[in-house]
Undergrad: 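First the structure, which I've put down as C-alpha cells, then a few questions once you've had a look.
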Amino acid sequence: MERPDRTMYFLNIALAVAQRSTCLRRKFGAVIVKDNTIVGTGYNGNARGVINCSEIGCIKNIMRTPHGVAYDYCPAVHAEENAIINSNRADRINATLYIAGIDPDGKYTMALPCQRCQRKIINSQIKQVILLRDDGKPMTIDVEEYIKSDTDWYTKLVLEAKQNPKNL
C-alpha cells in the first residue's frame with residue numbers, strides 16, 4: 001500500500017468522518033486543518049436532538065427531490081457547517097477545509113458547498129477548500145472564488161431589482 005500524500009490523508013479522514021452521517025442520500029465529512037493539525041470535523045445530519053432521517057425516512061427521497069435543492073425543508077446541518085461549529089475561531093483563520101462524500105453505493109460523490117456554506121466558510125476565514133471529486137481526485141478552491149461569486153451574484157440581483165423591482 002502506497003503512503004498517501006497529505007491531501008489524500010486528510011480527504012481519507014473526511015471520508016471516515018462521513019461514515020457518522022445520518023443522511024440516507026449522501027454522506028459527507030469535513031475536516032478543518034491548520035498547520036497539518038486537525039482542528040475541527042463535521043458530518044452532515046440533523047441537528048442534535050432532532051429525529052434523524054435514518055430513523056424516520058428522508059423527505060427528499062419521499063418527494064423525489066433532485067440532489068442540491070430543497071434546503072428549505074431538509075433538516076440537515078451540512079458537514080462543513082458542523083466542522084466550523086466544532087472548531088475554534090482562531091484555529092480556522094487561514095486553515096484548509098477538506099470535504100469528501102460517498103453515495104449509498106459507496107461511490108465518491110463530490111460535495112460542492114452550497115451558497116449558505118460558502119458564506120460560512122468565507123466568514124470563518126478559511127483560506128482554501130479541497131474537495132474529493134467523483135473520480136477520487138482532489139480539487140482545490142481558493143475561498144476568494146467564493147467571495148467573487150457571491151459578489152457577482154448579489155450585484156446582478158441588485159441591478160435586476162433596480163430595473164424591475166416588482167419581479168423579485
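Because only heavy atoms are used, hydrogens play no part in the values below, and waters and symmetry mates are left out as well, while side chains stay in. Note that this is a predicted model, so its numbers are computed, not measured.
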Undergrad: Take D150 and Q118 through the test side chain to side chain donor-acceptor pair (under 3.5 Å) and record every step on the way to the result.
TA: CA-CA 9 Å; D150 209 40; Q118 288 179 19; over 6 Å; no
Undergrad: With heavy-atom distances below 4.5 Å as the criterion, would you say the side chains of Q125 and R92 are in contact?
TA: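 A side-chain contact under 4.5 Å is absent here.
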Undergrad: Answer yes or no: is there an ion pair linking R116 with E81, defined by an N-O contact shorter than 4.0 Å?
TA: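 Yes, charged N to carboxylate O under 4.0 Å.
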Undergrad: Keeping the roles fixed (side chain from E55, backbone from N52), state whether a donor-acceptor pair exists under 3.5 Å.
TA: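 A pair under 3.5 Å: yes.
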Undergrad: If you look at every heavy atom in I141 and M139, which pair is closest and at what distance?
TA: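 Shortest heavy-atom separation between I141 and M139 comes out as CD1-CE, 3.6 Å.
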Undergrad: Identify all side-chain donor-acceptor contacts of residues 28-37 below 3.5 Å with residues at least two apart in sequence or on another chain.
TA:
{"from": "K34", "atom 1": "NZ", "to": "A90", "atom 2": "O", "distance (Å)": "3.2"}
{"from": "K34", "atom 1": "NZ", "to": "I93", "atom 2": "O", "distance (Å)": "3.0"}
{"from": "T37", "atom 1": "OG1", "to": "D35", "atom 2": "O", "distance (Å)": "3.4"}

Undergrad: Does a side-chain heavy-atom distance below 4.5 Å link T7 with I130?
TA: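 T7 reaches I130 side chain to side chain.
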Undergrad: With T155 as reference, evaluate D152, T151, V158, L157 under the side chain to side chain contact (heavy atoms under 4.5 Å, CB included) test and give the passing residue.
TA: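 Of all the options given, the one that passes is T151.
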Undergrad: Please tabulate, for side-chain N and O atoms in residues 95-110, each donor-acceptor pair with protein atoms closer than 3.5 Å (sequence neighbours left out).
TA:
{"from": "T96", "atom 1": "OG1", "to": "Q128", "atom 2": "NE2", "distance (Å)": "3.2"}
{"from": "D103", "atom 1": "OD1", "to": "D105", "atom 2": "N", "distance (Å)": "2.9"}
{"from": "D103", "atom 1": "OD1", "to": "G106", "atom 2": "N", "distance (Å)": "3.1"}
{"from": "D103", "atom 1": "OD1", "to": "K107", "atom 2": "N", "distance (Å)": "2.9"}

Undergrad: Same hydrophobic cluster for V50 and V77, using side-chain heavy-atom links shorter than 4.5 Å among ILVMFWY?
TA: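 No, separate clusters.
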Undergrad: Are L131 and L11 connected into the same hydrophobic cluster when the rule is that any two of I, L, V, M, F, W, Y join if their side-chain heavy atoms are below 4.5 Å apart?
TA: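 No, because L11 and L131 fall into different hydrophobic clusters, even though each may have its own neighbours under 4.5 Å.
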Undergrad: Do V129 and V39 sit in the same hydrophobic cluster, where Ile, Leu, Val, Met, Phe, Trp and Tyr count as joined when their side-chain heavy atoms come under 4.5 Å apart?
TA: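 In one cluster: yes.
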Undergrad: Specify the closest pair of heavy atoms between P4 and Y9, including all atoms of both residues, with the distance to one decimal.
TA: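 Closest approach of P4 to Y9: CB-N, 4.1 Å.
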Undergrad: Tell me whether I84 shares a hydrophobic cluster with I122, the cluster being built from Ile, Leu, Val, Met, Phe, Trp, Tyr side chains joined at under 4.5 Å.
TA: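 In one cluster with I84: I122, yes.
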Undergrad: Taking all atoms of both residues into account, what is the closest heavy-atom pair of S87 and A83, and its distance?
TA: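 Closest heavy-atom pair between S87 and A83: OG-O, 3.2 Å.
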Undergrad: Report whether L112 and I147 are members of the same hydrophobic cluster (ILVMFWY, side-chain heavy atoms less than 4.5 Å apart, transitive linking).
TA: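 Yes, one cluster joins them.
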